[in-house]
Amino acid sequence: MIWNLDPAWLMMAVAFVMVLAMFFGAALDVIMGDDGFGPIGNMLLFTVGFFAAILAVNYFGINVRDLKLATGIGLGGAFIGISVLAFFK
């Protein structure tokens with residue numbers, strides 16, 4: 001699904017997710033304090049986790065054409081990724 005996007009749409013999707021991830025990263029930095037990765041680190045982990053979850057689901061053959069489903073999977077993957085990394089930190 002994600003590889004079928006036009007490069008311009010893919011860049012806009014990444015930019016949109018990064019903007020939202022900055023807000024989540026700043027909020028998580030306030031909540032987690034020293035246990036977090038800083039606002040920029042949280043943003044990068046959130047963005048990577050979002051797209052990694054969508055790519056992983058596509059790799060296993062699940063087609064996510066619905067934007068709500070893709071958003072839910074991405075957000076779930078992002079929060080799971082940050083939680084696992086914070087646990088090991």
Side-chain angles (χ1 to χ4, degrees):
M1 174 195 138
I2 201 163
W3 298 120
N4 295 335
L5 288 176
D6 184 46
W9 282 103
L10 185 59
M11 285 188 292
M12 285 193 314
V14 170
F16 183 72
V17 169
M18 287 184 83
V19 168
L20 289 179
M22 188 61 203
F23 291 118
F24 281 121
L28 281 174
D29 185 48
V30 171
I31 293 169
M32 295 173 70
D34 290 337
D35 294 330
F37 302 98
I40 302 296
N42 288 340
M43 178 196 74
L44 291 174
L45 290 175
F46 195 87
T47 304
V48 169
F50 186 91
F51 287 107
I54 292 175
L55 288 173
V57 167
N58 282 333
Y59 178 76
F60 288 113
I62 299 171
N63 192 2
V64 267
R65 289 193 175 268
D66 185 27
L67 186 59
K68 293 177 189 174
L69 181 62
T71 303
I73 289 171
L75 287 173
F79 281 115
I80 288 172
I82 286 178
S83 299
V84 167
L85 289 173
F87 176 76
F88 286 118
K89 183 180 177 184

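Note: hydrogens, waters and symmetry copies are ignored here, and every other heavy atom, side chains too, is used.
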Non-hydrogen side-chain atoms of [X] and [Y] separated by less than 4.5 Å:
X: I40; Y: M22; value: yes
X: Y59; Y: L55; value: no
X: D6; Y: W9; value: yes

Please round to the nearest 0.5 Å and tell me the distance separating atom [atom1] of [X] and atom [atom2] of [Y].
X: D35; Y: F87; atom1: CG; atom2: CZ; result: 12.0 Å
X: N63; Y: N58; atom1: CG; atom2: CG; result: 7.0 Å
X: F24; Y: I31; atom1: CZ; atom2: CD1; result: 10.0 Å
X: D29; Y: F37; atom1: CG; atom2: CZ; result: 11.5 Å
X: I62; Y: I54; atom1: CD1; atom2: CD1; result: 12.5 Å

**OP:** Give a yes or no on this: more than 12 heavy atoms of other residues, nucleotides or ligands lie within 6.0 Å of atom NZ of K68.
**Re:** no
Nearest heavy-atom neighbours spanning [X] and [Y]:
X: A78; Y: F50; result: CB-N, 3.8 Å
X: A86; Y: M32; result: CB-CE, 3.5 Å
X: L44; Y: M18; result: CD2-CE, 4.5 Å
X: G77; Y: A53; result: CA-CB, 3.6 Å
X: A21; Y: T47; result: CB-OG1, 3.5 Å

Are [X] and [Y] in one and the same hydrophobic cluster, where Ile, Leu, Val, Met, Phe, Trp and Tyr link if side-chain heavy atoms are under 4.5 Å apart?
X: L75; Y: V14; result: yes
X: L45; Y: L20; result: no
X: V48; Y: F51; result: no
X: V17; Y: I80; result: no

